[in-house]
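Reviewing the structure listed below.
One-based numbering, in listed order, for ligands and for the atoms of each.
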Amino acid sequence: MARDKTILKALAGETQATPPIWMMRQAGRYLPEYRATRAEAGDFLSLCYNPDLATEVTLQPIRRYGFDAAILFADILLVPQALGADLWFVTGEGPRLSTVTTQADFDKLGPAADIHETLNPIYQTVRNLSGALPSETTLIGFAGAPWTVATYMVAGRGTPDQGPAHALKDENRPVFEALMDRITEATILYLSAQIDAGAEVVKVFDSWAGSLKGKDFEDFAVAPAKRIISALKEKHPGTPIIAFPREAGDGYIGFHAKTGADCVAVDDSVTPEWAAANVQKDGCVQGNLASRHMVTGGEDLVRETRKVVEGFKNGPHIFNLGHGITPDADPDNVQLMIDTIRGG
Ligand code: CP3
């Protein structure tokens with residue numbers, strides 16, 4: 001039954017001889033079949049909001065590689081859009097959004113309860129997938145963490161140091177906190193609806209958690225994760241949750257216990273040995289091969305893949321990259337990584 005799925009076993013705390021595998025951004029531009037479906041959709045956002053095509057691109061890496069998990073094809077920036085922000089993608093550059101830096105900007109956002117109108121096609125993709133996936137494959141839903149989503153909503157784009165969001169936090173705390181609250185409420189409703197539609201696990205991506213230091217990390221990475229996880233556990237006690245406070249460093253220590261996450265995903269700025277001793281001792285860990293190996297391949301890939309498997313072999317582990325696979329990756333290197341893990 002469902003609990004026989006290798007990802008769910010790892011999330012329940014089981015140590016397995018061969019770790020289950022999936023990859024962040026496994027459906028993406030490094031795959032020719034993804035590029036073809038994206039061209040058919042016209043652009044990235046049209047692909048996200050087309051349940052048939054989003055289902056197709058989610059399934060592509062499962063067909064090609066037999067990963068143990070499929071991750072819903074969508075984006076963390078659909079939540080700001082559902083709250084009323086303008087969102088568009090500039091080819092070769094990345095996302096652009098209308099900005100929230102004043103009380104008047106904040107007042108233009110809609111209530112969290114209204115997000116479903118925009119996000120209904122995403123729930124349809126989840127329903128399609130839960131009927132279409134092989135029985136051994138786990139379906140993972142996701143959302144961005146409030147801080148990471150706020151960094152894009154405040155700056156209107158990706159930023160190297162999240163400067164505009166830090167400035168709002170330090171200079172207009174009431175608006176910053178109101179924005180964090182609104183995103184948190186929307187995220188709980190969004191993830192809960194994904195679980196109702198058939199997501200078996202959900203992951204919260206805090207890609208920019210590493211720029212929060214000291215008390216800021218506790219207030220704006222730990223506390224919102226705890227609030228989201230508590231609310232979801234109350235409504236869906238059986239659904240495991242993966243938290244990814246990327247580049248948290250020492251902040252990874254105790255993150256399971258502080259937030260209630262079933263699994264903490266770690267990036268490749270920490271070694272498997274360090275993460276096993278300091279994080280895996282508290283529960284399942286996901287990670288953490290550097291994604292550049294999917295570009296460079298060869299002996300280095302094989303050696304580093306074995307190091308990750310070896311480093312985490314004494315506890316519950318889900319094999320993944322330290323961050324998303326990049327568009328310049330070679331699909332054959334992904335196969336080499338999988339063969340190395342499954343074949344020894
Ligand atoms: O992992 C998956 O395969 C599931 C789908 C997924 C996407 N984005 C698809 C996507 C997931 C889980 C995300 C999460 C996401 N989106 C994050 C958090 C994880 C991380 O990578 O740190 C962030 C910060 C975003 C915001 C975002 N979306 C940016 C900054 C960009 C542009 C950068 C880029 O690679 O072009 C996107 C676009 C995006 N999201 C693409 C994909 C496949 C590329 C779009 C395309 O096809 O052109």
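- For the residue pair D262 and L11, the shortest heavy atom distance occurs at CB-O, 4.2 Å.
- Remark: ligand 1 and Y34 share an N or O pair separated by less than 3.5 Å (distance only, no angle test).
- Below 3.5 Å of separation, one finds an N or O of Q26 facing an N or O of ligand 1.
- Using 4.0 Å as the threshold, F89 has a heavy atom nearer than that to some atom of ligand 1.
- At a threshold of 4.5 Å between non-hydrogen side-chain atoms, the residues H256 and V279 count as touching.
- A ring-ring contact (aromatic ring centres under 6.0 Å, His included) with H166 is found for exactly one of F176, W208, F220, W147, namely W147.
- Contact annotation: G158 has no heavy atom less than 4.0 Å from any atom of ligand 1.
- At a 4.0 Å heavy-atom cut-off, ligand 1 touches R25 through backbone and side chain alike.
- The residues K307 and E273 are annotated as not salt-bridged, no charged nitrogen and carboxylate oxygen being separated by less than 4.0 angstrom.
- For atom 32 (C) of ligand 1, the closest non-hydrogen atom on the protein side is P95 CD, 3.8 Å.
- One finds no salt bridge joining R292 and E304 here, because no Lys/Arg side-chain nitrogen approaches an Asp/Glu carboxylate oxygen to under 4.0 Å.
- Under a 4.0 Å criterion applied to the non-hydrogen atoms of F73, ligand 1 contributes the atoms 43 (C).
- P61 does not count as a contact of ligand 1, since none of its heavy atoms falls under 4.0 Å from the ligand.
- Those atoms of ligand 1 with a heavy atom of I71 less than 4.0 angstrom away are 1 (O), 2 (C), 3 (O), 4 (C).
- With hydrogens left out, the protein atom closest to atom 35 (O) of ligand 1 is R29 NH2, 2.5 Å, a heavy atom.
- Under 4.0 angstrom from ligand 1, there are no non-hydrogen atoms of P327.
- With salt bridges taken as basic N to acidic carboxylate O contacts below 4.0 Å, one links E218 and K258.
- Remark: among candidates V149, D43, D75, T148, the nearest residue to atom 26 (C) of ligand 1 is D75, based on non-hydrogen atoms.
- In plain terms, the two heavy atoms of S207 and T148 that are nearest each other are N-OG1, 3.0 Å.
- Which parts of ligand 1 touch A27 is read off a 4.0 Å heavy-atom cut-off, strictly below it: atoms 3 (O), 43 (C).
- Of the listed residues (A70, A74, C48), the one carrying the non-hydrogen atom nearest atom 9 (C) of ligand 1 is A74.
- Checking I338, L289, I71, L321 one by one against M23, the side-chain contact (heavy atoms from CB on, under 4.5 Å) holds for a single residue, L321.
- Residue contacts with ligand 1: L72 is included, with a non-hydrogen atom under 4.0 Å away.
- Atom 22 (O) of ligand 1 has as its closest protein heavy atom S207 OG, 2.5 Å.
- Nearest to atom 30 (C) of ligand 1 by heavy-atom distance, out of Y152, F44, F244, F205, is Y152.
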Going through the distances and angles, do N333 and H293 end up as a side-chain contact (heavy atoms from CB on, under 4.5 Å)? CA-CA 8 Å; N333 289 334; H293 293 294; over 6 Å; no
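- Considering backbone and side-chain N/O of W22, none are found under 3.5 Å from N/O of ligand 1.
- Residue contacts with ligand 1, taken as heavy atom pairs separated by less than 4.0 Å, involve H323 solely via side-chain atoms from C-beta onward.
- For R127, the CZ atom counts as densely surrounded, since its 6.0 Å shell holds more than 12 non-hydrogen atoms of other residues, nucleotides or ligands.
- The protein atom (non-hydrogen) at minimum distance from atom 11 (C) of ligand 1 is F142 CZ, 3.5 Å.
- With atom 48 (O) of ligand 1 as the reference point, the heavy atom nearest to it among R38, M24, K203, R157 is part of R38.
- At distances below 3.5 Å, at least one donor-acceptor pair connects side-chain atoms of T58 with backbone N or O atoms of A54.
- Under the 4.5 Å side-chain criterion, counting only non-hydrogen atoms from C-beta, I241 is in contact with K233.
- Given atom 23 (C) of ligand 1, the protein heavy atom at minimum distance is I76 CD1, 3.4 Å.
- One finds a salt bridge joining K313 and E310 here, because a Lys/Arg side-chain nitrogen approaches an Asp/Glu carboxylate oxygen to under 4.0 Å.
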